[in-house]
Every structure is written in structure tokens, then in C-alpha cells.
Amino acid sequence: MEKNLEAMLRVLLAKEGLEPKEGDLENFSPLLETYVATLKRLRAVDVGVEEIAGTFHPERK
Amino acid sequence: MTGKNPVLHYLTLHQAHKLIRKRQLSPVELTRALLDRIAAVDGQLHAFNHLMAESALEEARQAEAEILKGHYRGPMHGIPVAVKDQLDVNGAPAEIRGLEGDAAKEVADATAVRKLRDAGAILLGKLTMSSMPSNPPQPCNPWDLTRITGGSSTGSGAAVTAGLCMAALGEDTAGSIRNPASLCGIVGLKATYGRVSRYGLAPLGWSLDHCGPMTRTVEDNAHMLQAIAGYDPKDPTSIDVPVPDYAKALKENVKGMVIGVPRHFIEAMRAKTDPEVLSLVDESIRGMESLGARVQEVTIPTLTTATQANGVIYYNEHYAAYREEAKTAIQTGALARRARIYFGVLTSAADYMQAQRIRSKLKSECAEVFQKIDLLALPCQMTTAPKFEEVAPLDTLWKHVQPEYHSPFNLAGLPAMSLPCGFSKFNLPVALQLVGKPFDELTVFRAAYTYQQRMKWPDRRPPI
């Protein structure tokens, strides 16, 4: 796994009080790298003026 | 075929209900036939993870007594069904939730389960699903036991196909009803989001989860949806829209119906989709046209990023739902469960919001397209059922980071049905996916019923 990604994931997990299971980051490396690439691709999608799908309605239960 | 009553276990729900109503078939006899069938073949299929034989027979006796007294509740009365482990059933373990023993006795029935009971259905038990903590044997595809059923409603797919129950409840977050339905050759419906209550369904992704019927025929599916649909105040996402009479949609008429085909998306997926699947789906769309439907190409650009956006929302909501258990899950959970935690942790709030904005974009595009069409038609699978050894442990997660056919309609919340449309040269099922407007399951059922009546495919049985 790319070292920056591994370091970032370890920091994020530690922030949640978690540690990866031994071997997981290596075993999941292609999938995790693809997921991070997916996040970058989605950030580039032009959503125009679209707001989030759900809208808060204070009058509804 | 094995089992003492080979004809009974392959009756459709619709056929059985007509016989039960006329008192020509006893719910007890039917339940016994299915329990015999389960005893005969489930050792090979591994569909059930918790069989409730005693209580099922007692429920059948009660149903019989009621019907003999003239109190017939409707098409589900006396019909033996089963439910995916993800749904809570009072008294039964819920492995995916970690409930067993006394804790399971306290849990209330999921609303969809309660509604089935209220309709008089007989509960045979709970069905295996993907990623269960105890890692039980995976259900096998009844058409070829060396092949998968597809998940995550794996047991539901196997059980309905092989006649172990008349119908099953499944759940669909990113294709988990439609995937096994298409690979096993049965009808699977993910209804509109908010149509069927999620109360009592262990969450995978709150805004993406849909509970729905898996059956051998379209009319069976309509009967089951009729029983489980409707507003539930216990589910904050349940929508208070009247439930129509789905049986009224069971007419052979698609004249004038406009079916949109997103050819641009299918072309983008061509390299990953089995040519036989594409050919059978194309043939079925031409079939609908020959019956009087009008087919036209449509463009929904966000289909190509919808699955990935669905995945981002799924992993984030999943992590949020199970955050307190994450430490234990990392140490003892299955491979896929651990991977979902890592994905959830990697996803920032801004990424989640971007995925939700992509969701809004998809909804807008679909709404515009549906002003001119009644249904979308496209494939429901990329390949026929692969063999177990061809499937890697993380394949189910790879599905969520690249375009595929199911997740866009979880993201958009539209009703989407997997409808059998043929068999490959290796006798493996292929399905057409029909997608409707919000809360227009009636049009989906009408088109599907018309297609089913023309093709007569439910008469083919798996070899088990």
C-alpha cells in the first residue's frame, strides 16, 4: 500500500480508538487504494447547485 | 425431485392460496410438504440458518382452524414463508445483530414480519445471508450446486428457487435482492424507498436499505408486497402513501407503455457484461416491443458514478451504525466486515455529502427521464452465477467501487425488479431489470406479468 495512504488510515483509525488487524492493510491494499481513487473521482463530479438528497423538516416528527 | 410431496413444494404462492381458500389444500399439509423438502435437500443447499418447524406447524394448524371457521385473511393466509437473518423475528436468533438465547426472545418482530403474520403467513424460519459472524456454509445455487446464489440474500435466493418456501423476504442495499434473484432465476423486488418498513431490519446503510419480496412468480411477488407495504410510524423513513391493490396490475397489457433503455450505460458496461446476458436482455426488450410497448433510448449520465456514490454512502452509514462494535469487529469479524470499517473510517463528512449531492443529481435526471417513459429496462447482472472457486472473498466489495447495474436504483430509491428472462447455454438464469417511477410498482408488476405470461419460464425447475 502507498505509504501515505497507510499512514493516513492508521491515524484515522487511531482517532477512532481502533487499530487495523495484522495483515489487513496489506491484504486490502488494492481495494483501499481503489476506494481512495474513487473518492477523488467523485469529488470531481460537477453537482452544480444540487443540495443533499434529504432535507430537514422541523415540523415533521 | 425429492420430498414426499413433490407437487406441493413447487406450487406457486398464487396457486396455493386459491386451493387453500377453496379448502382444497390444508396449510398443515403444505407446511409439512415444505418441511419434508427442507429435510431432503437443505443439507446440500444450506439455505436455512434457523428452522422453526414446531412453531410453523402450530401456526399452520391455527391457520387451518381459522379458515375452516370461515375467517380467511387473504392470499398469504396459510402460506409458508421464510425471512433473511437480517430481519428480526421474535424468539429466533438474529446472528447478524448478535442476538441469541434470551436476548432473541425479547426482540420484537420486524414490521414486515409482523405484517406477514397478521396476513396469516406461516413462518418456517430464518435464512442465511452473506457475511454472517459464524461463517456458515454458503448457500448453493439450486441450478448448479457448484455455483453461488449471489448475495447478500443468499439463503432467500436458494430457498425460493428450490421450493423450500413459497416466498421469502430479502433485503437490498446495493442489489442484495436483485443479485440472488437474477442468479437464481426468481422474481425479486426492491420497492420504492419508504414503501416497506425498515423497522426491525438490521441496518447496512439506513438511507439505502430496502426490505422486499423474493418469489417464483410475479403474482406471488404482488401478493407478498401487498401484505408488507404501508406506512409504519416506527420507521422514520416510512412514507405515508396509500397502498394500491397490486393484484389489479396483474393484467397482460403493455400496449402504449414506454420503456426507456439507457444504451449509453449498457455500452459503457459491455466489456464487463457477459455477451449471453446482453443478448437475452436485448431479446426480452424486443419481446416487450412485440407485445405493444414502445422502446426508446434514454440518457441518465449519473448512472456511471451512481454505484460509487452508493458505496460511499453505504460504508459511511454502515460504520456509523456499528461504530461501537468496530473494535471487536476488526478483531473477530469476517473479511468483508473489517474492510467496510476501514472504508467508513477513510470517508470524510465532505465525501459523504458529495455522494449525497450526486444522489440528488441522479434523482433529478431520473425524474426528467420518467416524464417521458413508464419504465427503464436494463440488465440485472454482469454474468451468470459464477462457481464458488471463481469468487474471491472481497469481490462483493469490489462491486461497490465500479459501475454496475443495481446500486443506482438504491441511490435513487426507485422500485426495481429482477425478472427472469431466459437461460444461458449452461442452463443458468439470466434476468431483465425493470425500474419504475417512485411508488409506481403497479406499472412494474403489469409489465413483468405480461412478460411472464408470454414466456412461461416459471415452469422450468432446477435439477435438485
Side-chain angles (χ1 to χ4, degrees), chain A, chain B residues 193 206-207 233 236-237 301-302 304-309 311-313 315 319 323-324 326-333 335-336 338-348 350-365 392-395 397-398 400-402 411-413:
Chain A
M1 178 183 285
E2 194 200 65
K3 282 194 175 158
N4 283 344
L5 174 57
E6 184 177 335
M8 178 176 71
L9 183 50
R10 285 187 184 279
V11 164
L12 289 170
L13 284 166
K15 198 174 146 199
E16 295 286 305
L18 303 170
E19 271 182 48
K21 187 167 185 168
E22 194 178 332
D24 269 1
L25 296 192
E26 192 182 329
N27 292 334
F28 297 159
S29 159
L31 191 51
L32 288 166
E33 284 170 359
T34 302
Y35 184 66
V36 168
T38 297
L39 292 175
K40 285 181 184 158
R41 258 200 312 279
L42 293 182
R43 283 173 206 146
V45 171
D46 178 8
V47 288
V49 297
E50 291 292 351
E51 294 185 357
I52 60 169
T55 304
F56 175 61
H57 284 275
E59 79 285 5
R60 289 184 194 162
K61 282 185 190 173
Chain B
Y193 186 76
W206 292 299
S207 71
T237 62
T302 304
T304 51
T305 47
T307 294
Q308 299 93 309
V312 169
I313 293 170
Y315 293 134
Y319 179 64
R323 200 175 187 182
E324 287 176 14
K327 203 172 224 174
T328 311
I330 286 177
Q331 292 314 311
T332 61
L335 210 65
R338 304 198 305 271
R340 286 192 199 104
I341 292 170
Y342 303 139
F343 285 154
V345 166
L346 270 174
T347 311
S348 70
D351 287 324
Y352 174 80
M353 297 302 279
Q354 176 69 355
Q356 291 282 29
R357 293 177 75 190
I358 292 170
R359 180 179 215 165
S360 286
K361 193 162 184 265
L362 176 70
K363 274 178 61 183
S364 298
E365 288 171 7
L394 293 175
D395 276 1
L397 295 165
W398 280 105
H400 301 143
V401 293
Q402 47 209 344
L411 196 68

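Letters A, B, ... are given to chains in the order of the sequence lines, protein chains preceding strands, and every chain is numbered from 1. Values below: all heavy atoms of this structure, side chains included; hydrogens, waters and symmetry mates excluded. What you see is a predicted model, and the numbers here were worked out from it, not measured in a lab.
- Here A:Leu31 is the residue among A:Asp46, A:Leu31, A:Leu13 with the most heavy-atom pairs under 4.5 Å with chain B.
- Between the side chain of A:Lys21 and the backbone N or O of B:Gln331, at least one donor-acceptor pair lies under 3.5 Å.
- Your options are B:Val312, B:Ile341, B:Thr305, and the one with the most heavy-atom pairs under 4.5 Å with chain A is B:Val312.
- The number of heavy atoms from other shown groups lying within 6.0 Å of CD (B:Gln402) is above 12.
- Of the atoms belonging to A:Glu22, not a single heavy atom falls under 4.5 Å from chain B.
- A donor-acceptor pair under 3.5 Å is formed between the side chain of B:Glu365 and the backbone N or O of B:Thr302.
- Aromatic rings of B:His400 and B:Phe343 (six-membered ring for Trp) have centroids beyond the 6.0 Å cut-off, not under it.
- The part of B:Tyr319 that comes within reach of chain A is its side chain, from C-beta onward, which places non-hydrogen atoms under 4.5 angstrom from that chain.
- Comparing B:Asp351, B:Val401, B:Thr347 by how many heavy-atom pairs each has under 4.5 Å with chain A, the most go to B:Asp351.
- If you look at B:Tyr315 and A:Tyr35, their ring centroids are closer than 6.0 Å.
- Both the backbone and the side chain of B:Leu335 come within less than 4.5 Å of a heavy atom in chain A.
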